[in-house]
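The shown structure was predicted, so the numbers you read here are calculated from the model rather than taken from an experiment. Numbering starts at 1 and runs along the sequence shown.
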Amino acid sequence: MTQTKVDIASKFDMFTETWQPKIIGQVDNMHVKIARIDGVFDWHAHAEEDEMFFVVEGVMDMEFRDRTERVEMGEMIIMPKGVEHRPASVGGECKIMMIERAGTVNTGNATDSALTVDAPEHI
């Protein structure tokens, strides 16, 4: 496998749609994904997968049923498997990077969601 660097800003320039994660790399069986988010996502949990969210630009609230964690640019939050959560952008669009097991569906157990992306695009 050839080692190549990835310009994350240029990857974000390749798309404008929100809530549509794109795969930009892989580490063992983990996908590195980026997404533009705007507004509020669906409540969901992942039974078998942990997730890591890193805010590249903007501000994100990670909502839980009992509290909200504000995640600002340059900060990250790790979502343990089984924890119900709902990401939301604050004050407009937010750009995030995620690391999660390959094959993880973005809406987890929210199987009737219009936001489900079963097979994210590689860019």
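The CE atom of Met97 sits 5.5 Å away from the CZ atom of Phe54 when rounded to the nearest 0.5 Å. Put simply, CD on Glu93 and OG1 on Thr16 are 8.5 Å apart, with the number rounded to the nearest 0.5 Å.
Between the Glu100 side chain and the Ala102 main chain, no donor and acceptor come within less than 3.5 Å of each other. Using modelled atom types, no side-chain atom of Ser89 and backbone atom of Met60 make a donor-acceptor pair closer than 3.5 Å.
Side-chain heavy atoms closer than 4.5 Å link hydrophobic residues (I, L, V, M, F, W, Y) into clusters, and following such links, even through other members, never connects Ile77 to Val90. Transitive grouping of hydrophobic side chains (ILVMFWY, heavy atoms separated by less than 4.5 Å) brings Ile78 and Ile34 into a common cluster. Under the 4.5 Å side-chain heavy-atom criterion for Ile, Leu, Val, Met, Phe, Trp and Tyr, Ile123 and Val32 are members of the same hydrophobic cluster. The cluster map of Ile, Leu, Val, Met, Phe, Trp and Tyr, joined by side-chain heavy atoms under 4.5 Å apart, puts Met79 and Val27 in different clusters.
The minimum heavy-atom distance linking Phe12 with Ile96 is given by the pair CZ-O, 3.5 Å. When all heavy atoms of Ala35 and Pro21 are compared, the pair lying nearest together is CB-CA, 4.0 Å. Summarising the geometry of Ala88 relative to Ile37, their closest heavy-atom pair is C-CD1, 4.3 Å, with the distance given to 0.1 Å. When all heavy atoms are compared, the tightest approach of Ile24 to Val6 is O-CG2, 4.2 Å. Counting all heavy atoms, side chain and backbone alike, Lys33 lies closest to Ile23 at CG-CG1, 4.1 Å. The two residues Trp19 and Asp38 make their nearest non-hydrogen contact at NE1-O, 3.0 Å.
Just one of Met52, Met76, His31 meets the side chain to side chain contact (heavy atoms under 4.5 Å, CB included) condition when paired with Ile99; it is Met52.
For residues 69-81, every residue pair satisfying the side chain to side chain donor-acceptor pair (under 3.5 Å) rule, not counting sequence neighbours, is listed here: Asp61-Arg70, Arg67-Glu69. Sorted by first and then second residue, the pairs that involve residues 7-19 and meet salt bridge (charged side-chain N to carboxylate O under 4.0 Å, His left out), not counting sequence neighbours, are Glu17-Lys22.
The environment of Asp28 atom CG is sparse: at most 12 non-hydrogen atoms of other residues, nucleotides or ligands sit within 6.0 angstrom.
Checked by atom type, the side-chain pair Glu51/His85 shows a donor-acceptor distance below 3.5 Å.
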Between Phe41 and Met62, is the side chain to side chain contact (heavy atoms under 4.5 Å, CB included) condition met? List the steps. CA-CA 10 Å; Phe41 200 63; Met62 186 60 74; over 6 Å; no
For side chain to side chain contact (heavy atoms under 4.5 Å, CB included), just list the numbers for Phe53 and Val71, CA-CA rounded to whole Å, side-chain angles, deciding distance to a tenth of an Å, and then say yes or no. CA-CA 9 Å; Phe53 295 82; Val71 187; over 6 Å; no
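Considering only heavy atoms from C-beta on, Arg101 comes within 4.5 Å of Asn29 through its side chain.
Annotation: salt bridge (charged side-chain N to carboxylate O under 4.0 Å, His left out) contacts of Arg86 (sequence neighbours excluded): Glu63.
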